[in-house]
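Step one of this worksheet: look at the structure below.
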Amino acid sequence: MPIAPTESVWGALLTGCRIHGNTELAAYAADRVFELGTVSPGMNVLLSNAYAAAGRWEDAAKARKMLRDQGVKKETGLSWVEEGNRVHTFVAGDRYHVRAREIYQKLEELGEEMEKAGYVPDTSFVLRDVDGDEKNQTIRYHSERLAIAFGMITFPPDRPIRIMKNLRVCGDCHTAIKFMSKCSGRVIIVRDNNRFHRFEDGKCSCGDYW
């Protein structure tokens, strides 16, 4: 480049690396961003996620500390679904819902069908330093999956399941929901903080780019 890359340029590269799964290049970009000094809170979130995906947990912790020093808290991921005049809200690993037992049973049943259909969890989206088994358990109970399972046990088969999420859907959940739609025969519509996704018969309207 004829000019030095700015924070925005590095941020675009980091986002592209996340989409294409290039953790090595993302870590390189993150190192260059750190050389810029103080950056925006959103950039620190990107840095933390990039380092975590690359297994550089100490650097990820430094990025999170910079967020705390700026008085910023990372937003908790929430998913919700409307049933009549009620709104059912879920967080990852949520077991407080009155129908939690049925929801988790549905996820277990669907999970077996998904694995037979070829679904393999991508645990690189678990941005915590935990072992493989815990990563598998963590990622399979993200909030949007709980909300979708609730929709499946609540709404008739011919009714699309509509879910809202306050954060971007992670790459593994996006793949999982495609398998959910294929194995269940349901239409699943998810609105995250970036766009609408319409899942049907194993495909998403976004063409896997969001």
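No experiment lies behind these values; they were computed from the predicted model shown. These values consider heavy atoms only, across backbone and side chains, with no hydrogens, waters or symmetry-generated copies. We count residues from 1, following the sequence as given.
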Evaluate the criterion side-chain contact (heavy atoms from CB on, under 4.5 Å) for residue pair R186 and F155; output intermediate values, then yes/no. CA-CA 10 Å; R186 304 289 295 256; F155 305 130; 3.9 Å; yes
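- With a 4.5 Å cut-off on side-chain heavy atoms, I103 and I153 count as touching.
- When every heavy atom of S205 is checked against every heavy atom of R195, the shortest pair comes out as O-NH2, 4.1 Å.
- A salt bridge links R198 with E200: the distance from a Lys NZ or Arg NE/NH1/NH2 to an Asp or Glu carboxylate oxygen falls below 4.0 Å.
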Dump the intermediate steps for salt bridge (Lys or Arg N to Asp or Glu O under 4.0 Å) on K178 and D208, then the final yes or no. CA-CA 10 Å; K178 288 196 293 184; D208 296 337; 3.0 Å; yes
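- Counting heavy atoms from C-beta on, the side chains of L146 and H142 never come closer than 4.5 Å.
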Chi angles and distances behind the side-chain contact (heavy atoms from CB on, under 4.5 Å) call for N193, N166: CA-CA 5 Å; N193 71 346; N166 65 330; over 6 Å; no
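- In this structure, the side chains of V190 and F199 come closer than 4.5 Å at one or more pairs of heavy atoms.
- Here the closest non-hydrogen pair linking S79 and A147 is CB-CB, 4.1 Å.
- Two residues are said to be in side-chain contact when any heavy atoms from C-beta on lie closer than 4.5 Å; L110 and M180 meet this criterion.
- Atom CZ of residue F150 and atom OG1 of residue T89 lie 10.5 Å apart, to the nearest 0.5 angstrom.
- The aromatic rings of F90 and H97 sit parallel to each other, their planes meeting at less than 30°, with 60° as the upper class boundary.
- Clustering of Ile, Leu, Val, Met, Phe, Trp and Tyr side chains at separations under 4.5 Å places L78 together with W80, V87, V91, M164.
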Between I177 and H197, does the side-chain contact (heavy atoms from CB on, under 4.5 Å) criterion hold? Intermediate values first, please. CA-CA 10 Å; I177 298 171; H197 302 262; over 6 Å; no
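- Residues R32 and L13 are not in side-chain contact: their nearest non-hydrogen atoms beyond the backbone lie 4.5 Å or more apart.
- The shortest side-chain heavy-atom distance between E108 and K106 does not fall under the 4.5 Å cut-off.
- Nearest heavy atom pair, residue V169 against residue H174, reads CG1-N, 3.7 Å.
- Going from atom NZ of K182 over to atom CD1 of I188 covers 13.5 Å, rounded to the nearest 0.5 Å.
- A side-chain hydrogen bond (donor to acceptor under 3.5 Å, both in side chains) with T154 is found for exactly one of E102, R99, R159, namely R99.
- Between R168 and D192, the closest heavy-atom pair is CA-OD2, 3.7 Å.
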Go through it in stages, so that I can follow the logic: the residues are Y119 and D172, the test is side chain to side chain donor-acceptor pair (under 3.5 Å), and I'd like the CA-CA distance, side-chain angles, deciding distance and then a yes or no. CA-CA 10 Å; Y119 168 66; D172 181 71; 2.8 Å; yes
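- With values rounded to the nearest 0.5 angstrom, Y104 atom OH is found 11.5 Å from R145 atom CZ.
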Check against salt bridge (Lys or Arg N to Asp or Glu O under 4.0 Å), K116 and E113: CA-CA 5 Å; K116 290 178 182 177; E113 295 180 38; over 6 Å; no
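- Looking at every heavy atom in both residues, C183 comes nearest to A117 through SG-CB, 3.9 Å.
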Could you go through L107 and Y141, starting from their C-alpha distance and side-chain angles, then the distance that decides it, and tell me whether this counts as side-chain contact (heavy atoms from CB on, under 4.5 Å)? CA-CA 8 Å; L107 284 178; Y141 299 133; 3.8 Å; yes
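- To the nearest 0.5 Å, atom SG of residue C173 and atom CD1 of residue I148 are 8.0 Å apart.
- Shown here for I189 and P160, the closest heavy-atom pair between the two residues is CD1-CB, 4.3 Å.
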